[in-house]
Amino acid sequence: MNEPDLGNISVVLVNTSHPGNIGASARAMKNMGLSKLALVGPKEFPSGVAIGRAASAVEILSRARVVDSLAEAVADCGLVIGASARSRRITWPLLTPAECGRRAVAEAGKHPVALVFGREDTGLSNEELQLCHYHVRIPANPEYPSLNLAAAVMVVCYELRRAVEAGETGDETLERQWDQPLATADDLERFYGHLEQVLVALDFHDPENPRQLMQRLRRLFGRIRIDTMEMNILRGMLGHIEQELKNKR
Ligand code: SAH
């Protein structure tokens, strides 16, 4: 079987409070064949408790990347999927764990992929969820749908493994055939910043009364998976609008 590039898929844990969860997540990752862990502002790391819970997966902890923000952790990624137990006010493209596994595996040959997990107490913030192309929800008891963090990591990583074992490497997917590389999370963040600036300059957008405009635009552009060439066109258009505004004033 053509072994897909699981080395291109990272697990990102945001502001984890309990180091035991970091260790148990590392173990789940290694069991399922993943090795890249990024920690966004962990409360306690490095930690003996994490090492104990990681068992034979300690090398994942020693190689873990520690960063300050989710944006930094996913900057180079062409696909970012955030795990969330709750549905939010603004609907986002939602994958089942099986769809998440297939998609991550299919795209890993093209660009880095990130699977993002939130805090034990409050999960991921709306802002963090909006950095993601898709959300994944693990079906659970509606009266108690919130899994332990490392258990959620296990379920999602298991579905990646399952997709690999089933040969669901998605060669036929659009992402595989595309001629241009897709824009990275970092390209997208710069674009959204630029777009917001121009919409404010045009008096189309009032940051004091945002009415979810930027969230809705993020969702729109996230959904169509912009490639780098398209991104350059959009940035060029924004630049020209800015220039015209300057000429007029
Ligand atoms: N009380 C928090 C849940 C935190 S659980 C909340 O309501 O959001 C810690 C993390 O595990 C979550 O941020 C999410 O990434 C993951 N997780 C837990 N249960 C999940 C589920 N049913 N589906 C998807 N992710 C889940």
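Both ligands and their constituent atoms are indexed starting at 1 by order of listing. Fair warning: this is a prediction, and the values are worked out from it, not measured in the lab.
- Close approach to F117 involves these atoms of ligand 1, each under 4.0 Å from a residue heavy atom: 15 (O).
- The ligand atoms of ligand 1 that sit less than 4.0 angstrom from a heavy atom of A152 are 11 (O), 16 (C), 17 (N), 18 (C), 26 (C).
- The closest heavy-atom contact to atom 9 (C) of ligand 1, among the options R137, R119, H135, comes from R119.
- For R53, the salt bridge (charged side-chain N to carboxylate O under 4.0 Å, His left out) criterion is met by no residue, not counting sequence neighbours.
- In terms of polar-atom proximity, defined here as any N/O pair under 3.5 Å, L149 makes no such contact with ligand 1.
- With atom 2 (C) of ligand 1 as the reference point, the heavy atom nearest to it among V12, V155, D121, V136 is part of D121.
- Counting only residues at least two apart or on different chains, the side-chain hydrogen bond (donor to acceptor under 3.5 Å, both in side chains) pairs with a member in residues 54-67 are K30-E59.
- Using the six-membered ring where Trp is involved, F221 and Y192 have ring planes that are tilted, between 30° and 60° apart.
- Interface atoms of ligand 1 facing S146, defined by a heavy-atom separation under 4.0 Å, are 1 (N), 3 (C), 4 (C), 5 (S), 19 (N).
- A salt bridge (charged side-chain N to carboxylate O under 4.0 Å, His left out) with E168 is found for exactly one of R103, R161, R162, namely R162.
- Counting heavy atoms closer than 4.0 Å to ligand 1, residue P145 contributes backbone atoms (N, CA, C, O) but none from C-beta onward.
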Self-check item: Check against side chain to side chain donor-acceptor pair (under 3.5 Å), H111 and E107
Solution: CA-CA 6 Å; H111 42 236; E107 294 196 29; 2.7 Å; yes
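- Side chain to side chain, E44 and H18 fail the donor-acceptor criterion of an N or O pair below 3.5 Å.
- Among P139, A140, A83, C100, the residue whose heavy atom lies nearest to atom 15 (O) of ligand 1 is A83.
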